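Presented below is the structure to which this report refers.
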Amino acid sequence: MTEAGSTVPRRQLGRLLRQTREQAGIGLEAAASDLEWSRAKMYRIESGQTPVRALDVDQMCRLYGAAADMTEVLVSLASESKSKGWYHAYSEIIPRWFELYVGLESAASRIRTYEHALVPGLLQTPEYAAEVGRTRPETSDDEVAKLVELRTERQRILVRKRPAAPTLDVILEEALLHRAVPGMAGQLDRLIEAGNASNVSIRLLPLGSRLSQVAVAGNFVILDFPTTGARSAEPTTVYSEGLSGALYLDRIEEVRAYAEVWKTLTSEALSVQESRKLVQDIKERHDG
């Protein structure tokens, strides 16, 4: 698996373009109108969901009145963002908005995941991943196989040496482990095995947990990135996926809100040792 490819420079470019526009006092819709683009295109560019032509970046910089040195930096990032990450090979089976996530995941130093419906992709067995793939309407066997291959490729980050493997902290609703999914016993074995790694922690939110703000938050991932000196190369980002798209949140107040939810989850979840014991108990019921 190669490095994160185009994702990080694309994100950096989008963030800098947004900051430059805001410093110029130009609203998103006003900029889109002046550039004769749709609002959706502007949003995709500023959120780093799509590559941008250097010519378009130059046009934006002229509109925003950006300094020559800033324009040079932004145009350079635009050229760099066109390089393709390893995940581009799977572009036929995954939407563009998820391509962005895979690249960010590859670049992260810490990944915090809360799931109430599915085992996270980084911990799925091939059999479980195939069952998840089959839930997509009109998905062929070849496409399912490709989705499983992508899951397996993504999981390599947990054992890589350079750069150092990220820390993966997972909190799961106990209920999802009781589902009658083919191969669930093997999936539970995988969770137990994964928890042995020094960079992976898995905790369960038991069935008797009280109702809290977590129910409103839904599934989410918090991605932290390596620091250079005292600063992170990328801002902490929250990823929340839906049926037809995803949210990428990196504003301070947005990240803070999800960090509070994560704090609530960690206070309510079982310990790593208690969770491991519960997973083993649930597995015995599946085996029985």
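Numbering starts at 1 and runs along the sequence shown. Everything numeric in this text was worked out from a predicted model, so none of it was measured.
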field: Heavy-atom pair of closest approach, residues V75 and A54
entry: CG1-CB, 3.8 Å
- prompt: Which residues satisfy the salt bridge (Lys or Arg N to Asp or Glu O under 4.0 Å) test with E72, sequence neighbours excluded?
  reply: none
message: Holding to salt bridge (Lys or Arg N to Asp or Glu O under 4.0 Å), I want the full list of residues that pass it with E46, two or more places apart in sequence or in another chain.
response: R21
- prompt: How would you list, by chain and number, every residue that makes a salt bridge (Lys or Arg N to Asp or Glu O under 4.0 Å) with E131, sequence neighbours excluded?
  reply: R134
- line: CD of E274 to CG of L204, rounded to nearest 0.5 Å, is 10.0 Å
statement: All heavy atoms of A66 vs all of M70, minimum pair found to be CB-CG, 4.5 Å
task: List in chain and number order the residues that pass salt bridge (Lys or Arg N to Asp or Glu O under 4.0 Å) with D34, two or more places apart in sequence or in another chain; answer none if no residue qualifies.
output: none
message: Using side-chain heavy atoms (C-beta onward) and a distance below 4.5 Å, is T152 in contact with E149?
response: no
Residue pairs, two or more places apart or on separate chains, that pass side chain to side chain donor-acceptor pair (under 3.5 Å) and touch residues 58-67: D58-R62
Return all side-chain donor-acceptor pairs below 3.5 angstrom for residues 179-189, not counting sequence neighbours, or 'none' if the list is empty.
from	atom 1	to	atom 2	distance (Å)
Q187	OE1	T125	N	2.9
Q187	NE2	L123	O	2.8

- prompt: Can you name the one residue among D250, I222, V255 that meets side-chain contact (heavy atoms from CB on, under 4.5 Å) with T237?
  reply: D250
- prompt: Got N199 and V159 here, is their nearest side-chain heavy-atom distance under 4.5 Å?
  reply: no
message: For the backbone of G121 and the side chain of R151, can you confirm whether one donor and one acceptor N or O come within less than 3.5 Å of each other?
response: no
Heavy-atom side-chain proximity of Y43 to R18 below 4.5 angstrom: no
query: Taking only residues two or more places apart in sequence, or in another chain, which ones meet V261 in a side chain to side chain contact (heavy atoms under 4.5 Å, CB included)?
result: Q213, V214, A217, F220, L265
statement: Across all chains, not counting sequence neighbours, the side chain to side chain contact (heavy atoms under 4.5 Å, CB included) partners of E29 are R39
field: All pairs passing ring pair (Phe, Tyr, Trp, His ring centres under 6.0 Å) where residues 125-155 contributes a residue, at least two apart
entry: none
message: Has E22 got a side-chain atom pairing as donor or acceptor with Q19's backbone, closer than 3.5 angstrom?
response: no
field: L191 side chain reached by V119 side chain, heavy atoms, under 4.5 Å
entry: yes
- prompt: Just checking, any donor-acceptor pair under 3.5 angstrom between side chains of D224 and S109?
  reply: no
Distance-only check: which donor-acceptor pairs under 3.5 Å involve side-chain atoms of residues 165-173, not counting sequence neighbours?
from	atom 1	to	atom 2	distance (Å)
D169	OD1	S201	OG	2.8
D169	OD2	R110	NE	2.9
D169	OD2	R110	NH2	2.9
E173	OE2	Y114	OH	2.5

field: Which residues share a side chain to side chain contact (heavy atoms under 4.5 Å, CB included) with E254, sequence neighbours left out
entry: L249, R251
- prompt: Roughly how far, to the nearest 0.5 Å, is the CE atom of M60 from the CD1 atom of I26?
  reply: 10.0 Å
message: Using the side chain to side chain contact (heavy atoms under 4.5 Å, CB included) criterion, which residues pair with H178? Sequence neighbours excluded.
response: E174, L207, I282, R285
- line: Between the CG atom in L17 and the OG atom in S47, the distance rounded to the nearest 0.5 Å is 11.5 Å
task: Measure the CZ-OG distance between R276 and S271 for me, rounded to the nearest 0.5 Å.
output: 11.5 Å
- prompt: Looking at side-chain heavy atoms only, is the closest gap between R154 and L122 below 4.5 Å?
  reply: yes
query: Do V221 and E115 touch side chain to side chain, with heavy atoms closer than 4.5 Å?
result: no
- line: Between the OG atom in S106 and the CZ atom in R160, the distance rounded to the nearest 0.5 Å is 6.5 Å
query: With a cut-off of 6.0 Å (strictly less than), are more than 12 heavy atoms of other residues, nucleotides or ligands near NZ of K277?
result: no
- line: In this structure, CG of L270 is separated from OG of S275 (nearest 0.5 Å) by 4.5 Å
Heavy-atom pair with the smallest gap, counting every atom of I202 and A194: CD1-CB, 4.2 Å
message: Could you check whether atom CG of D141 has more than 12 heavy atoms from other residues, nucleotides or ligands sitting under 6.0 Å from it?
response: no
message: In the structure I gave you, are the side-chain heavy atoms of T264 and E268 within less than 4.5 Å of one another anywhere?
response: yes
